[in-house]
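No hydrogens, no waters, no symmetry mates; every other heavy atom, side chains included, goes into these values. A quick note: this is a predicted structure, and the numbers were derived from the prediction, not measured.
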Amino acid sequence: MKFKNIINVLACCSMLTLGNSCSSFLDREPQGQAVDTPAYYDDLENAQMAVNACYQAIAQDQGVVAHMQEWMFGEVMTDNSWKGGSDFGDMQDVQMLKEWSAVNVNATSHSAWKTYYQAIHRANTAIQGISPATSFDEETRDQLVGEALFIRAYSYFYLVRLFGDVPLFTAPVSPEEIGSIGRTPVKDVIAQIEADLDSAASMLGNRSEMELGRATSGTALAYHARVSMYDIGIWKSNDNTWQEVYDLTNAVINSGQYSLASNLATVFEKDGENGVGSIFEVQHTTSNTGWANQNTGSTSPILTAPRGTADIKGWGWGFLNPTQDLVDEFEENDPRLEWTAGQNGQFAHGVAQGVSASQFLSGYFPRKVLMDQALRPNEQSDNPQNQRKLRYADVLLMNAEAAYHLGNEGMARQRVNEVRDRARNMTYPKGWTEESNDYTERDNSAALPEVTASGNDLLAAILHERRVELSLEGLRLWDLLRTDNYEAAIQKDNIGYRDEITGSTVVSNMEGKKLNGVPVLPIPAAEVASFGLTQNPGY
């Protein structure tokens with residue numbers, strides 16, 4: 001059974017195996033095993049379902065609480081994107097995050113907390129249950145445990161970036177713990193994340209050995225590099241070094257398992273799903289279950305597609321609007337601009353796109369994540385578009401930045417030029433002309449000259465390349481924080497604030513919401529009360 005067709009299986013469902021018997025029902029021995037017993041997980045099918053349930057938890061992006069996509073934090077809260085929508089009050093909680101005026105019942109913040117603690121609970125349950133299994137081979141057992149360890153690390157990394165100190169669980173929560181849980185310092189959470197990623201890297205197969213869509217040894221190594229890089233610049237908690245980032249990214253590069261897709265324009269299309277440059281994608285497939293947590297599709301395509309205009313009908317809701325500041329960051333003739341930020345009247349997948357400009361719409365739409373309308377399901381919430389979470393281009397740019405800080409400027413230039421060379425060879429975005437849905441060639445010979453800079457100019461070139469190559473992929477906030485450029489970025493003009501809100505106001509709001517010098521989001525008020533937690537400053 002293919003992985004994308006089973007991501008909606010929940011490990012928390014008990015199973016009963018009924019046998020044939022002529023005896024009275026009242027005389028029968030109990031059948032099956034409870035899900036909290038070792039015997040349940042000492043069965044390969046049950047163990048696989050438990051791990052599939054971990055993936056399903058991180059694939060949830062909507063439900064009864066709120067939409068939840070990483071771009072709502074990593075892009076909208078920066079100089080890369082306006083929130084968009086029908087007005088400033090449409091998904092107001094995201095606008096409040098952008099302006100650092102959120103309260104402790106912010107639905108978007110709550111959704112992230114709920115989603116990733118659910119994933120952590122499932123991962124802990126799977127790790128505890130599968131680790132002692134003996135009825136199937138040791139290699140399979142270790143692989144399954146490694147996948148759950150990765151999901152736990154991935155989930156804690158998401159949480160610690162948003163909330164700082166968070167409760168740390170490495171086993172399923174027991175009833176007696178409820179109401180007396182404290183918050184674990186970031187230093188210890190990061191240490192656990194790194195330990196889990198180390199273990200996962202040793203237990204998982206490489207890309208060619210694992211089923212597409214599952215975490216691999218390369219996934220764990222690449223995420224460890226990202227964790228180390230963020231810790232160096234944001235928390236400074238665990239003595240991480242640029243040498244570690246360099247070594248980890250080199251391990252991925254030298255594995256021979258990944259490469260840059262020859263045409264960057266394909267990467268976010270169906271054609272590029274789980275492609276050669278995909279380190280990790282959250283898998284989505286249409287289940288036709290509607291707006292519910294069991295939905296295996298993604299809401300992001302309809303959230304981010306343009307709303308349309310009076311002249312050109314739209315399908316989407318118009319969130320995630322690229323800023324003029326992001327557009328201006330692209331060099332002249334950089335072919336990635338049209339692929340990143342679409343404009344009114346341009347064609348995508350052969351269809352004209354209607355894009356308005358107003359006090360709450362920037363006049364641009366996120367072209368790179370626009371889903372082909374031919375893929376739209378009956379249920380608008382249930383879209384079969386994977387979330388690209390970590391790409392090989394990011395690994396190359398992390399390696400470039402690490403090489404720079406280690407004094408190896410030649411390698412830094414080589415890596416950043418690999419990314420630019422690939423971009424120089426790309427086509428127009430798919431369906432650039434009317435009623436066509438292929439890739440139109442373009443002449444990029446005058447675009448993207450080789451980077452020859454050194455010193456501070458080389459570092460600036462690497463950070464520029466990160467912004468234009470990885471924009472709208474949920475990374476900008478963390479790149480700004482770790483390079484100490486966030487305050488300057490959110491004071492820029494024309495980045496999507498309400499008329500009465502200035503950049504200085506946003507900085508002032510943000511300054512009051514720092515934990516150990518790092519801005520953080522509100523912990524949901526109900527969680528503070530239920531688990532006896534201290535709330536973050538300013539909430």
I'd like to know if the side chain of D443 pairs up with that of S445 as donor and acceptor (distance under 3.5 Å, no hydrogens or angles considered). yes
Take N80 and E75 through the side-chain hydrogen bond (donor to acceptor under 3.5 Å, both in side chains) test and state the conclusion after the steps. CA-CA 6 Å; N80 265 8; E75 300 295 334; 2.8 Å; yes
So, S111 and Y116: side-chain donor and acceptor under 3.5 Å apart, yes or no? no
Indicate yes or no for a side-chain donor-acceptor contact from Q346 to the backbone of Q343 under 3.5 Å, with no hydrogens or angles considered. yes
Stepwise salt bridge (charged side-chain N to carboxylate O under 4.0 Å, His left out) check, E70 with R161: CA-CA 11 Å; E70 198 160 5; R161 282 180 289 153; 3.1 Å; yes
Using a strict threshold of under 4.0 Å (side-chain N to carboxylate O), is an ion pair present between E469 and K368? no
Is there a donor-acceptor contact under 3.5 Å linking the side chains of E269 and T266? no
Starting from the C-alpha separation in whole Å, work towards a yes-or-no answer on side-chain contact (heavy atoms from CB on, under 4.5 Å) for Y55 and R214. CA-CA 8 Å; Y55 286 101; R214 295 188 181 275; 3.5 Å; yes
Hydrogens and angles aside, do N444 and R424 bring a side-chain donor and acceptor to less than 3.5 Å of each other? no
Would you check if there is a donor-acceptor pair between the side chains of N274 and R388 at a distance under 3.5 Å? no
Mind checking the OH-CZ spacing from Y428 to F347? Nearest 0.5 Å is all I need. 14.0 Å
Scan side-chain atoms only and decide if E379 and N288 contain a donor-acceptor pair under the 3.5 Å cut-off. no
Stepwise salt bridge (charged side-chain N to carboxylate O under 4.0 Å, His left out) test for K492 and D328: CA-CA 13 Å; K492 294 176 181 177; D328 293 343; over 6 Å; no
Only one of V267, L260, I279 passes side-chain contact (heavy atoms from CB on, under 4.5 Å) with R391, and that residue is V267
Nearest heavy atoms of M77 and I490, plus distance in Å: O-CG2, 4.0 Å
Holding to side-chain contact (heavy atoms from CB on, under 4.5 Å), I want the full list of residues that pass it with V468, two or more places apart in sequence or in another chain. E329, F330, D334, R336, H464, E465
My understanding is that only residues two or more places apart in sequence, or in another chain, count here; which of them pass side-chain contact (heavy atoms from CB on, under 4.5 Å) with Y117? W113, I120, Y156, L159, V166, P167, F169
Taking Q257 for its side chain and V276 for its backbone only, find out whether a donor-acceptor pair lies under 3.5 Å. no
With a 3.5 Å cut-off and no angle check, do the side chains of S381 and N295 form a donor-acceptor pair? yes
List the residues meeting side-chain contact (heavy atoms from CB on, under 4.5 Å) with R307, not counting sequence neighbours, and say none if there are none. S86, D90, W317, L361
Within the 3.5 Å criterion, strictly below it, is a donor on T309 or D311 matched to an acceptor on the partner's side chain? no
Are the side chain of N321 and the backbone N or O of W82 linked by a donor-acceptor pair below 3.5 Å? no
What about Y154 and Y223, are their ring centers closer than 6.0 Å? yes
Any idea which heavy atoms bring P522 and V103 closest together, and the distance? CG-O, 3.3 Å
Classify the side-chain pair Q118/Q60 by whether it contains a donor and acceptor separated by less than 3.5 Å. yes
Hydrogens and angles aside, do N106 and Y539 bring a side-chain donor and acceptor to less than 3.5 Å of each other? no
What I want to check is whether the side chains of Q95 and Y497 have a donor and an acceptor closer together than 3.5 Å. no
Look up atom CG in D325 and atom CG in D493, then write down how far apart they are to the nearest 0.5 Å. 9.5 Å
Take N52 and Q56 through the side-chain hydrogen bond (donor to acceptor under 3.5 Å, both in side chains) test and state the conclusion after the steps. CA-CA 6 Å; N52 291 342; Q56 191 272 343; over 6 Å; no
Of the non-hydrogen atoms in L390 and D394, which two are nearest, and what is the gap between them? CG-OD2, 4.3 Å
If we ignore hydrogens and angles and just use 3.5 Å, is the side chain of T286 paired with the main-chain N or O of P377 as donor and acceptor? no
Working for side-chain contact (heavy atoms from CB on, under 4.5 Å), residues L303 and L320: CA-CA 8 Å; L303 288 171; L320 186 61; over 6 Å; no
Nearest 0.5 Å, please: how far is CG in N383 from NE2 in H284? 9.5 Å
Distance from H224 atom NE2 to L248 atom CG, nearest 0.5 Å? 5.5 Å
To the nearest 0.5 Å, atom CG of N399 lies from atom CE of M229 at 11.0 Å
Using distance alone, with no hydrogens and no angle criterion, decide if R367 and Q353 have a side-chain donor and acceptor under 3.5 Å apart. no
Would K389 and E281 pass as an ion pair if we require N to O under 4.0 Å? no
Parallel, tilted or perpendicular, judged at 30° and 60°: which one describes the rings of W235 and Y230? tilted
Run H110 and V105 through side-chain contact (heavy atoms from CB on, under 4.5 Å) and show every step you take. CA-CA 7 Å; H110 182 186; V105 290; over 6 Å; no
Looking only at non-hydrogen atoms, find the nearest pair between P306 and G354 and report the distance. CB-O, 3.5 Å
Intermediate values then yes/no, side-chain contact (heavy atoms from CB on, under 4.5 Å), Q491 and T502: CA-CA 7 Å; Q491 291 194 74; T502 66; over 6 Å; no
Of all heavy-atom pairs linking F88 and R498, the shortest is CG-CG, 3.5 Å
In terms of side-chain heavy atoms, does T505 have a donor or acceptor partner in W100 at a distance below 3.5 Å? no
Under the side-chain hydrogen bond (donor to acceptor under 3.5 Å, both in side chains) criterion, do T483 and N485 qualify, and how do the steps go? CA-CA 5 Å; T483 58; N485 287 309; 3.0 Å; yes
Might you point out which heavy atoms bring P429 and A265 nearest each other, and give the distance in Å? CA-CB, 4.3 Å
With rounding to the nearest 0.5 angstrom, report the CD1 to NZ distance, I501 to K98. 12.0 Å
Any side-chain donor paired with an acceptor under 3.5 Å for T427 and N263? yes
Would you please classify the geometry between the Y158 ring and the F73 ring as parallel, tilted or perpendicular, with 30° and 60° separating the classes? perpendicular
Start with the C-alpha distance between R152 and E147, add both sets of side-chain angles, then the distance that settles salt bridge (charged side-chain N to carboxylate O under 4.0 Å, His left out), and finish with yes or no. CA-CA 9 Å; R152 185 169 74 185; E147 290 180 81; over 6 Å; no
Do you see a donor-acceptor pair shorter than 3.5 Å between the side chains of N437 and D372? yes
Could you walk me through whether N206 and S208 pass side-chain hydrogen bond (donor to acceptor under 3.5 Å, both in side chains), step by step? CA-CA 6 Å; N206 62 37; S208 61; 2.7 Å; yes
